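Side-chain atoms are counted along with the backbone in the values below, which use heavy atoms only and exclude waters and symmetry mates. All values reported here derive from a predicted model rather than from experimental measurement.
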Amino acid sequence: MTALTARPSGSAVWLACPMGLTMQNRYGNRYPAGAAAEEGTAAHEVLEYLTIGRGVSETAGNGVATTEEMVDYAHKAIAYAQSLADGTPLLCEKRLVMKLPNTPDTAGTADIVVLPPGGKTVHVIDYKYGFTHVPADSPQLKIYGIAARQTFQRESVYLHVIQPRDYTAKPIRSHHFTPAEQLEFCAQVTMALKLAASPKPVAIPGSHCNRCPGRGQCAAVREWAMVEEHAGSEAQLTPAAVAL
């Protein structure tokens, strides 16, 4: 049996559903990226190029046109990261690997890693260009936080989401990832990966199924009532936000 690859970007699925990891490995590359994903890729390219001091072209590498909005938001994200860095260089598109005993390594690429002077603190920044709210303590960011702590041997871990087009919350959100939370999360990841690697992993349907590339082939999803309760939220939208 081929070993399963656990990507941080899909952790919200495979942490909630043991079958999710199999679905991601089986169907994750079968479908083309949508327009929103392609736009996000272009925005991330703009962020990377401006961070390393490279010029931005009118069209990103994937063929999507770069916009003034992308450039403006990227500059603001970089300014925030630099305020945390206190003069140290920003690490952009940094590959990080989380290593836990008796489980496969979980590797991914963090948008920006900040190592301020003093040798005690690491900041991990996730740049999101989409509209769907992403919390600062998302599973993906927590994985990057653990990996950054292991890689750079820093005691204090802070997680940040910069999401300029999230109109339901502040565009920049932070979370202090405490040692106690890290221990709890590592145990959760270990258990999830062990269940995912079992001979017959079960499928547990839920809202995470919306992010699973194999939901169309999942019997559990077909039998799921799809009824969940969610707390509402109020947001004051600008005219531009309403138009979008």
Side-chain angles (χ1 to χ4, degrees), residues 1-29 91 93-115 121-128 130 132-161 163 173-215 218 220-221 228:
M1 179 179 176
T2 304
L4 298 174
T5 300
R7 297 182 177 89
S9 58
S11 55
V13 174
W14 53 257
L15 280 170
C17 173
M19 179 59 76
L21 193 55
T22 297
M23 290 296 193
Q24 288 176 346
N25 279 257
R26 185 176 298 170
Y27 299 107
N29 296 321
L91 304 181
E93 292 296 307
K94 178 64 179 179
R95 183 169 175 79
L96 297 172
V97 182
M98 181 178 71
K99 297 178 179 292
L100 298 177
N102 304 315
T103 62
D105 293 346
T106 306
T109 304
D111 295 327
I112 298 177
V113 176
V114 180
L115 301 171
T121 302
V122 59
H123 298 273
V124 183
I125 298 175
D126 196 15
Y127 183 66
K128 297 294 187 184
T132 303
H133 176 77
V134 177
D137 60 345
S138 69
Q140 179 182 7
L141 254 179
K142 285 183 175 180
I143 290 174
Y144 290 151
I146 297 290
R149 186 206 69 201
Q150 294 174 337
T151 301
F152 302 107
Q153 298 297 302
R154 299 270 171 141
E155 298 176 7
S156 298
V157 180
Y158 289 86
L159 311 177
H160 309 263
V161 165
Q163 191 175 7
R173 303 178 287 276
S174 303
H175 176 73
H176 180 202
F177 195 17
T178 66
E181 286 182 281
Q182 293 176 40
L183 286 174
E184 182 180 357
F185 182 70
C186 287
Q188 183 184 359
V189 170
T190 299
M191 179 59 69
L193 292 178
K194 287 182 177 180
L195 291 174
S198 62
K200 293 183 178 181
V202 298
I204 302 175
S207 58
H208 53 272
C209 295
N210 294 323
R211 307 175 187 177
C212 180
R215 60 187 179 277
C218 182
V221 170
E228 291 192 353

With side chains defined as the heavy atoms from C-beta onward, is the minimum distance between [X] and [Y] less than 4.5 Å?
X: H123; Y: V113; answer: no
X: P8; Y: Y144; answer: yes
X: F177; Y: I146; answer: yes
X: T190; Y: N102; answer: no

Atom [atom1] of [X] and atom [atom2] of [Y]: how far apart are they, to the nearest 0.5 Å?
X: D137; Y: F185; atom1: CG; atom2: CZ; answer: 10.0 Å
X: D111; Y: D126; atom1: CG; atom2: CG; answer: 5.0 Å
X: M98; Y: I143; atom1: CE; atom2: CD1; answer: 4.5 Å
X: M19; Y: C209; atom1: CE; atom2: SG; answer: 11.5 Å
X: H208; Y: S11; atom1: NE2; atom2: OG; answer: 12.5 Å
X: T22; Y: Y27; atom1: OG1; atom2: OH; answer: 10.0 Å

* **Side-chain donor or acceptor of R173 paired with backbone N/O of L159 under 3.5 Å** =>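 Here the side-chain-to-backbone pair does not exist.
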* Asked: So, the side chain of E93 versus the backbone of I112: is there a donor-acceptor pair under 3.5 Å, distance only?
  ->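 Such a contact is absent between E93 side chain and I112 backbone.
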Taking all non-hydrogen atoms of both residues, which atom of [X] and which atom of [Y] are closest, and how far apart?
X: A136; Y: V161; result: CA-CG2, 3.7 Å
X: Q182; Y: R149; result: OE1-NH1, 2.5 Å
X: G20; Y: V13; result: CA-CG1, 3.8 Å
X: Q163; Y: G130; result: NE2-O, 3.1 Å
X: L193; Y: A6; result: CD2-CB, 3.7 Å
X: A148; Y: V122; result: CB-CG2, 3.9 Å

* To do: Check whether the side chains of R7 and Q140 place a donor and an acceptor atom closer than 3.5 Å, and report yes or no.
  =>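 Note: R7 and Q140 side chains miss the donor-acceptor criterion.
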* Asked: Can you find a side-chain donor-acceptor pair between E181 and H175 that sits under 3.5 Å?
  ->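 Indeed, the side chains of E181 and H175 share at least one donor-acceptor pair under 3.5 Å.
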* Criterion side-chain contact (heavy atoms from CB on, under 4.5 Å) on V189 and L15, from CA distance to verdict -> CA-CA 7 Å; V189 170; L15 280 170; 4.0 Å; yes
* CA sep, side-chain torsions, deciding dist, call: L183, C186, side-chain contact (heavy atoms from CB on, under 4.5 Å) -> CA-CA 5 Å; L183 286 174; C186 287; 5.9 Å; no
* To do: Let me know which of T121, L96, V157 forms a side chain to side chain contact (heavy atoms under 4.5 Å, CB included) with F152.
  =>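 Of the listed options, the one satisfying the test is L96.
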* T151, D105, T106 screened by side chain to side chain contact (heavy atoms under 4.5 Å, CB included) with V97, the one that passes ->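 Going through T151, D105, T106 one by one, the side chain to side chain contact (heavy atoms under 4.5 Å, CB included) with V97 is satisfied by D105 alone.
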* To do: Mark yes when over 12 heavy atoms from residues, nucleotides or ligands other than E184 sit less than 6.0 Å from its CD; otherwise mark no.
  =>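 Counting neighbours around CD of E184, 12 or fewer heavy atoms of other residues, nucleotides or ligands fall under 6.0 Å, so no.
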